[in-house]
Amino acid sequence: AMAGVVRAVGAADYLGQAAAGGEVLSQAQTRAARQQRHAQGAPEHRGAPDVRHTPNLSLEKRLAAQRIAQDLLERVSTLTDLGLGYLALERSTPTLSSGELQRLRLATQLGSQLFGVIYVLDEPSAGLHPADAQALFEALQRLKAAGNSVFVVEHDVQTMRRADWLVDVGPAAGERGGQVLYSGPPAGLAAVEASQTRAYLFAEQAPARRTPRQPRDWLRLEGITRNNLKNLDAAFPLGCFTAVTGVSGSGKSSLVSQALLELVGAHLGKVAGGEEAPQLDLEDDEPQSSGGRVSAGLEQIKRLVQVDQKPIGRTPRSNLATYTGLFDQVRKLFAATPAARERGFDAGQFSFNVAKGRCSACEGEGFVSVELLFMPSVFAPCPTCHGARYHPETLAVTWQGLNIAQVLQLSVEQALPVFAQQPGIRRALQVLRDIGLDYLRLGQPATELSGGEAQRIKLATELQRNARGATLYVLDEPTTGLHPRDVDRLLEQLDKLVEAGHSVVVVEHDMRLVAQADWVMDIGPGAGDQGGTLVACGTPAHVATQRNSRTAAFLAQALAGN
Ligand SMILES: [Zn+2]
C-alpha cells in the first residue's frame with residue numbers, strides 16, 4: 001500500500017503533472033500563505049530568509065519530494081520483492097519471525113551497494129512459499145552480480161540446484177557426521193555415494209504417489225474473522241492429513257495457528273502442547289481473538305494438540321530423557337538393583353533435580369558458573385563431580401555395568417541394545433530412532449536442541465501415547481530447517497498418526513510434503529488485503545490444476561517428482 005502512495009510522487013512525469021495541475025502557488029499567494037501560518041503561531045523564519053520562501057510545490061520542493069520518494073520506493077519495493085510486502089511499517093522487529101528478520105536485513109544490504117562482502121545466510125528460504133523463494137533467489141543473485149560472495153546453509157533442493165558451488169557435509173547427523181563429502185559444482189555430487197543429499201538433488205527418490213484417503217467426517221468453521229480473513233468458511237477433513245498452503249502473509253497461519261486452534265480449543269478447554277501466552281510488549285496491540293464458530297464435526301475430536309518448534313524446556317535441567325518420560329523408567333530400574341536396595345536408594349536418588357543423590361556442589365547441574373567482574377559469567381565443569389552431576393555414592397550403583405551418569409551419556413542408538421529387554425524404554429527409544437533422532441544423547445539438555453529437534457521429540461512423545469481418543473494435531477511449518485531425508489521421516493510419523501485415526505493439519509511450504517497430503521487448502525491468492533480467501537481445495541492433484549492458485553504450478557512440479 002505504501003508503494004502505491006509513493007509511486008505517484010516518484011514517477012518521472014510528476015514534475016510536469018504538478019505544474020500543469022495549477023497546484024503551484026504564485027509569489028503573492030506564497031506570501032499570503034506564510035502570513036497566515038505566522039498568524040496561527042508558526043515561525044516566520046525571518047532570520048533565515050531562504051527557509052520556506054520557495055512557493056508551495058515549487059520546482060525545488062517537487063525535486064526534493066521526488067528524490068525522497070524514489071529512494072523510499074526503492075527500499076519499499078525491495079521489501080515487497082522479498083515477500084515482506086504484507087508487514088506493517090510500524091511492526092516492531094521483536095515480533096518478526098527469524099526468517100522475516102533475516103530477509104529484512106537482506107533488504108537493507110541490497111540497498112547498500114557494497115561490494116567485496118561475504119554474506120552468510122542460514123536457511124534464508126525457511127518459511128517461504130516457492131513463489132517468494134524465487135524472489136529471494138533473485139535478490140541473492142543481485143548481491144552476487146554486485147561483486148559479493150554469498151554463502152548459504154540450505155535445505156531447499158531448488159536452491160541447491162541453482163548454486164554455483166555446493167558443499168555437502170555429512171554423511172549422517174551428530175557423531176556420524178562432520179565430514180565434507182563434496183565441494184564443487186552441483187552436478188559433481190551425483191558421483192558421491194555417501195551423500196544423503198544426492199538422492200534428493202537428482203530426483204532418484206521421487207516420492208511414491210499415493211491415493212489420498214477419504215475424509216471420515218468434516219470439521220466445519222464458519223464466519224472466521226482474523227487479520228485478513230473476513231467471514232471465511234472452511235472445512236477440514238477428519239481422519240486425513242491436510243496441508244494448508246499460500247504465499248507469506250496470505251492468511252494461512254491466521255486460519256490454522258490462530259482461528260482453528262482458538263475456536264476448537266475454546267470447546268475442548270486448554271490446547272495441549274501450547275506454551276503459556278507470550279509476554280506482550282507495551283507497544284503491542286491488544287491481543288486479538290478470532291471471530292467465527294465451529295458448526296460441525298466437533299464431536300469427532302477429543303483432543304487438540306499443537307506441535308510447534310518451541311524448546312521443550314528452558315533450562316539444562318530438562319533433557320531428552322526427562323521430557324519423554326524415559327528417565328523415570330530408567331531411574332526405577334536403578335532403584336530396583338540389589339546395590340540400590342542395600343543402600344536404601346529410591347528412584348529419587350537417581351534424579352539430578354532432587355537434593356538426594358545429586359552432587360551438592362553444583363546441585364546436579366554438572367557445571368558451575370564463574371562470576372567475572374564487568375564480564376558475562378562463564379560456565380566451567382563442576383570441580384567436585386567433574387560434570388557427572390551425581391554424588392559418588394549414587395554413581396557406585398550400576399545397571400548393566402553403567403552408572404546413571406554414563407546412561408545419560410549414551411546416544412539413543414547406543415542405548416537401544418542396553419535396554420533391549422525393557423519393553424517400555426525400548427519402545428520410547430525406537431520411536432526416537434525412527435524419527436531420525438538416534439544421534440541425540442539421552443541427557444542432551446533441552447537448551448542444546450534445535451527447534452526442529454524439539455518438534456520431533458514432541459511428536460515422538462505423542463506417538464508413544466497414542467490411543468487417547470481422536471486427536472487433531474496442528475503443526476505450523478514443521479519442515480522448517482529439515483533436510484529432505486528428515487522431511488520423509490517426519491512424513492512417516494504424521495502418517496502413523498493419521499493411520500491411528502487422528503487428524504493432522506499442517507501449514508506448509510515444502511511442496512514435496514504437500515504433494516503427499518490427502519487434502520490441500522490453498523489460501524490467497526496474494527498477501528495481506530489480496531489474500532484471505534480460500535483459492536482452491538481438494539486433493540493435491542486437483543489443486544495443482546487450479547489456474548488462480550499461486551501454489552498450483554509448484555505443486556504440479558512436486559507431483560511430477562521434481
Ligand atoms: Zn557437581
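Order of appearance sets the numbers: ligands from 1, and atoms from 1 within every ligand. Residue numbers count from 1 along this sequence.
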Requested in this report: Please work out which of the three classes, parallel, tilted or perpendicular, describes the rings of W399 and F334, given edges at 30° and 60°.
Outcome: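 Correct class here is tilted.
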
**Report entry** Crowding at CZ, R176 (>12 non-hydrogen neighbours, <6.0 Å)
**Finding:**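 Check passes, neighbour count above 12.
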
**Report entry** Over all atoms of both residues, closest heavy-atom pair of V487 and L482
**Finding:**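 Taking V487 first and L482 second, the nearest heavy atoms are CG2-CB, 3.8 Å.
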
Query raised in the report: Within 45° of the ring axis of F352 and under 6.0 Å from its six-membered ring centre, is that where the NZ or CZ of R389 lies?
Result: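 Yes, a cation-pi geometry.
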
Report task. Say whether, by atom type as modelled, one donor and one acceptor occur between the side chain of Q109 and the main chain of L106 under 3.5 angstrom. Result ->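 Such a contact is absent between Q109 side chain and L106 backbone.
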
Query - Protein N/O/S atoms closer than 2.8 Å to the Zn ion (ligand 1) - result: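 Under 2.8 Å from the Zn ion (ligand 1) - ignoring waters, which are not counted - the protein N, O or S atoms are C359 SG, C362 SG, C382 SG, C385 SG.
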
**Report entry** N227 and Q258 side chains, donor-acceptor separation under 3.5 Å
**Finding:**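 There is such a pair (donor and acceptor under 3.5 Å, judged by atom type) between the side chains of Q258 and N227.
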
